Structure formats: structure tokens, C-alpha cells
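The analysis underlying the following values was restricted to heavy atoms, covering all of them including side chains, and did not include hydrogens, waters or symmetry mates. Worth saying up front: this structure is predicted, and the values here are computed from it rather than measured.
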Amino acid sequence: QVELVESGGGLVQAGGSLRLSCAASGRTFNSYAMGWFRQVTGKEREFVAAISRSGGNTSYGDRMKGRFTISRDNAKNTVYLQMNSLRPEDTAVYFCAQSDSGTIWYSGSKYQYWGQGTQVTVSS
């Protein structure tokens with residue numbers, strides 16, 4: 001059974017930065033692509049970023065491009081999301097997810113395992 005645990009969320013002012021971490025356990029980490037999604041209550045889940053199993057390919061949602069960076073440290077079984085130039089509209093619960101595939105997918109339906117999420121709140 002895969003377990004994913006997010007951390008690093010919190011309250012920041014607009015223009016600030018946060019670094020989210022997702023620690024994985026339960027199966028070979030470097031075999032699988034990882035993704036970040038976010039969700040606000042009452043709204044659709046939104047794709048944030050994804051990274052291939054080796055870290056060679058990354059992808060970002062349109063609202064995140066140029067501000068967020070996804071990375072992974074396979075030796076630590078951890079994926080990161082560096083968030084810069086944060087805006088109030090970035091406020092959401094951020095989830096990490098693991099796919100059964102090693103390649104990037106943009107749909108949440110392509111990810112089989114999910115963490116519980118970490119709250120990010122950006123004040124104006």
C-alpha cells in the first residue's frame with residue numbers, strides 16, 4: 001500500500017514563497033510519475049504540475065507556469081513543489097499523487113494514490 005504525506009503548507013503573504021514536500025512509501029518510488037493537484041471547496045480539482053519517474057520531464061498548469069517548479073529526489077522518496085510569487089488565488093488544498101505509469105498525465109484519474117493534502121493560504 002502506497003502512502004503519500006504532504007507537508008510545507010501554511011499562510012503566506014502575496015508575493016511570498018512556499019516549498020511543499022511529499023514523502024512516499026510503500027513501493028519503488030523511482031518507477032512512477034508524480035503529480036501535484038489543488039482544490040478549493042466547491043470547485044473542480046486543478047492540475048498543478050507533474051514529473052516523470054526520473055525527473056527528466058515536467059509539466060505545469062497554465063496558471064502555474066513561470067512561478068512553480070516541481071522536482072524530485074528519488075534517493076529520499078520525495079517530490080517537491082517550489083511555489084514562488086504566490087497570489088491569493090493560489091489558496092487551496094494541495095495534494096500530491098502517484099501514477100502507476102512512469103510518464104506524465106494531466107488528469108487526476110490517471111493517478112492511483114493520493115495524499116491527504118496540505119493547506120496553502122495566500123493573503124493579500
Side-chain angles (χ1 to χ4, degrees):
Q1 177 63 44
V2 172
E3 183 178 22
L4 305 175
V5 181
E6 302 97 335
S7 62
L11 174 65
V12 298
Q13 291 185 319
S17 298
L18 283 174
R19 188 195 194 201
L20 306 184
S21 299
C22 175
S25 62
R27 66 178 182 175
T28 304
F29 180 71
N30 63 8
S31 294
Y32 306 103
M34 299 292 295
W36 287 95
F37 294 79
R38 67 187 186 186
Q39 189 166 27
V40 178
T41 300
K43 294 186 178 295
E44 294 289 326
R45 181 173 56 198
E46 181 181 18
F47 172 76
V48 174
I51 187 166
S52 60
R53 66 183 187 180
S54 67
N57 293 305
T58 59
S59 187
Y60 300 91
D62 288 341
R63 296 169 67 188
M64 275 62 72
K65 291 177 180 176
R67 300 186 298 122
F68 292 8
T69 303
I70 188 171
S71 62
R72 66 192 298 161
D73 185 341
N74 287 342
K76 295 182 178 180
N77 290 351
T78 301
V79 63
Y80 304 96
L81 184 69
Q82 179 67 45
M83 304 186 293
N84 299 325
S85 301
L86 285 163
R87 306 163 180 167
E89 54 264 40
D90 294 319
T91 296
V93 177
Y94 285 71
F95 299 89
C96 74
Q98 186 179 77
S99 175
D100 282 341
S101 172
T103 59
I104 289 172
W105 297 98
Y106 307 125
S107 171
S109 66
K110 298 295 185 180
Y111 294 82
Q112 282 66 52
Y113 301 97
W114 294 80
Q116 289 189 272
T118 185
Q119 176 70 45
V120 172
T121 302
V122 184
S123 62
S124 59

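Annotation: disulfide (SG to SG under 2.5 Å) contacts involving residues 37-74, sequence neighbours excluded, are absent. A disulfide (SG to SG under 2.5 Å) check over residues 13-109, counting only residues at least two apart or in different chains, returns the pairs Cys22-Cys96. Evaluation of the disulfide (SG to SG under 2.5 Å) test over residues 23-64, restricted to residues two or more places apart or in two chains, returns none.
Of the inter-residue distances, the one linking Ser124 atom OG with Gln13 atom CD reads 9.5 Å to the nearest 0.5 angstrom. Between Met64 atom CE and Ile70 atom CD1 the span is 11.0 Å, to the nearest 0.5 Å.
Remark: Thr103 pairs with Ser101, Trp105 by the side chain to side chain contact (heavy atoms under 4.5 Å, CB included) rule, at least two apart or across chains. Residues satisfying the side chain to side chain contact (heavy atoms under 4.5 Å, CB included) test with Ser59, not counting sequence neighbours, are Phe47, Ile104, Tyr106. Not a single side-chain hydrogen bond (donor to acceptor under 3.5 Å, both in side chains) links Ser31 to another residue, sequence neighbours left out.
Between Phe95 and Glu6 the shortest heavy-atom distance is CA-OE2, 3.3 Å. In terms of heavy-atom proximity, Val93 sits nearest to Gly117 at CG1-CA, 3.8 Å. Across all their heavy atoms, Thr78 and Ser21 have their closest contact at CG2-CB, 4.3 Å. In terms of heavy-atom proximity, Ala33 sits nearest to Tyr111 at O-CE2, 4.4 Å.
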Checklist entry - Checking side-chain contact (heavy atoms from CB on, under 4.5 Å) for the pair Asp73/Tyr80: CA distance, chi angles, key distance, verdict? => result CA-CA 8 Å; Asp73 185 341; Tyr80 304 96; 4.0 Å; yes

Next on the checklist: Between Gln116 and Val5, does the side-chain contact (heavy atoms from CB on, under 4.5 Å) criterion hold? Intermediate values first, please.
Outcome noted: CA-CA 7 Å; Gln116 289 189 272; Val5 181; over 6 Å; no

Checklist entry - Run the side-chain contact (heavy atoms from CB on, under 4.5 Å) check on Ser99 and Gln112 step by step: do they pass? => result CA-CA 5 Å; Ser99 175; Gln112 282 66 52; 4.0 Å; yes

Checklist entry - Which is it for Asn84 and Ser17 under the side chain to side chain donor-acceptor pair (under 3.5 Å) test, yes or no, and what are the steps along the way? => result CA-CA 4 Å; Asn84 299 325; Ser17 298; 2.9 Å; yes

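For the pair Leu20 and Trp36, the minimum side-chain heavy-atom distance is below 4.5 Å. Residues Val2 and Tyr32 are not in side-chain contact: their nearest non-hydrogen atoms beyond the backbone lie 4.5 Å or more apart. Using a 4.5 Å cut-off on side-chain heavy atoms (C-beta onward), Thr69 and Leu81 make no contact.
When each of Thr118, Val12, Leu11 is checked for a side-chain contact (heavy atoms from CB on, under 4.5 Å) with Leu18, only Val12 meets the rule. The residue from Glu46, Gln119, Arg38, Gln39 that alone fulfils the side chain to side chain donor-acceptor pair (under 3.5 Å) condition with Tyr94 is Arg38.
A donor-acceptor pair is defined here as one N or O able to donate and one able to accept, closer than 3.5 Å; no such pair exists between the side chain of Tyr113 and the backbone of Gln1. Put simply, the side chain of Thr91 never gets that close to the backbone of Thr121: no donor and acceptor are under 3.5 Å apart. A donor-acceptor pair under 3.5 Å is formed between the side chain of Ser52 and the backbone N or O of Asn57.
More than 12 heavy-atom neighbours from other residues, nucleotides or ligands sit within 6.0 angstrom of CD on Glu89.
Note on Asp90 versus Arg63: no salt bridge recorded, every NZ/NE/NH1/NH2 to OD/OE distance being 4.0 Å or above. Contact check on Lys110 versus Asp100 returns no salt bridge, with no Lys/Arg side-chain nitrogen under 4.0 Å from an Asp/Glu carboxylate oxygen.
Between Trp114 and Phe37, the angle of the ring planes lies from 30° to 60°, which puts this pair in the tilted group.
The cluster map of Ile, Leu, Val, Met, Phe, Trp and Tyr, joined by side-chain heavy atoms under 4.5 Å apart, puts Met34 and Phe68 in the same cluster.
Taking the ring centre of Phe29 as origin, the terminal cationic atom of Arg53 falls outside the region bounded by 6.0 Å and 45° from the ring axis.
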